[in-house]
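Below is one structure; the comments refer to it alone.
Keep in mind that what you see is a predicted model, and the values were worked out from it rather than measured.
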Amino acid sequence: MANAVLERWASDVPEAGEGQCQIRIIFEDGFQYRNQFGLSRSQKRISLAKVLRQQLAAMASPNTSQRKRKDRTGPITTIALPTLPLNADVILARYDI
């Protein structure tokens, strides 16, 4: 359902722009993940799970406190590392994303 909502929102983004929305995922054990999600009109199919796995994999790799990336299927996403209480590797291993 989240994917369908994000796809509708992406279709409303201006042609020459990018929209941002805040996402918050609450897992069954109460752990919460928050981050920004970039939306562009060119996105036809959105997979929140895929984006989340990409963000966590980027966090797990050695880098500085903040990283900007552009993947082949979506807009630039800002990833802020210090906001997670758990290590990104632990999150990827613990949760079925």
Is there a chain of hydrophobic side chains (I, L, V, M, F, W, Y, each step under 4.5 Å between heavy atoms) that links Ile97 to Val90? no

Please find the pair of heavy atoms, one from [X] and one from [Y], that lie closest to each other, and give the distance.
{"X": "Leu6", "Y": "Cys21", "value": "CD2-SG, 3.7 Å"}
{"X": "Leu48", "Y": "Ala2", "value": "CD2-CB, 4.0 Å"}
{"X": "Ala10", "Y": "Ser40", "value": "CB-O, 3.5 Å"}
{"X": "Gly19", "Y": "Val13", "value": "N-CG1, 3.7 Å"}
{"X": "Gln20", "Y": "Gly38", "value": "NE2-CA, 3.6 Å"}

Check step by step if side-chain contact (heavy atoms from CB on, under 4.5 Å) holds for Leu39 and Asp12. CA-CA 9 Å; Leu39 296 170; Asp12 292 335; over 6 Å; no

Can you list everything that forms a salt bridge (Lys or Arg N to Asp or Glu O under 4.0 Å) with Arg94? Sequence neighbours excluded, please. none

What I want to check is whether the side chains of Arg34 and Gln32 have a donor and an acceptor closer together than 3.5 Å. yes

Derivation and outcome, side-chain contact (heavy atoms from CB on, under 4.5 Å), residues Glu7 and Arg45: CA-CA 7 Å; Glu7 287 170 5; Arg45 304 292 290 164; 3.9 Å; yes

Drop me the distance from [X]'s [atom1] to [Y]'s [atom2], to the nearest 0.5 angstrom.
{"X": "Arg24", "Y": "Asn35", "atom1": "CZ", "atom2": "CG", "answer": "14.0 Å"}
{"X": "Tyr33", "Y": "Leu56", "atom1": "OH", "atom2": "CG", "answer": "5.0 Å"}
{"X": "Arg53", "Y": "Ile91", "atom1": "CZ", "atom2": "CD1", "answer": "14.5 Å"}
{"X": "Gln54", "Y": "Ser47", "atom1": "CD", "atom2": "OG", "answer": "8.5 Å"}

Can you say whether the rings of Tyr95 and Phe27 are parallel (under 30°), tilted (30 to 60°) or perpendicular (over 60°)? tilted

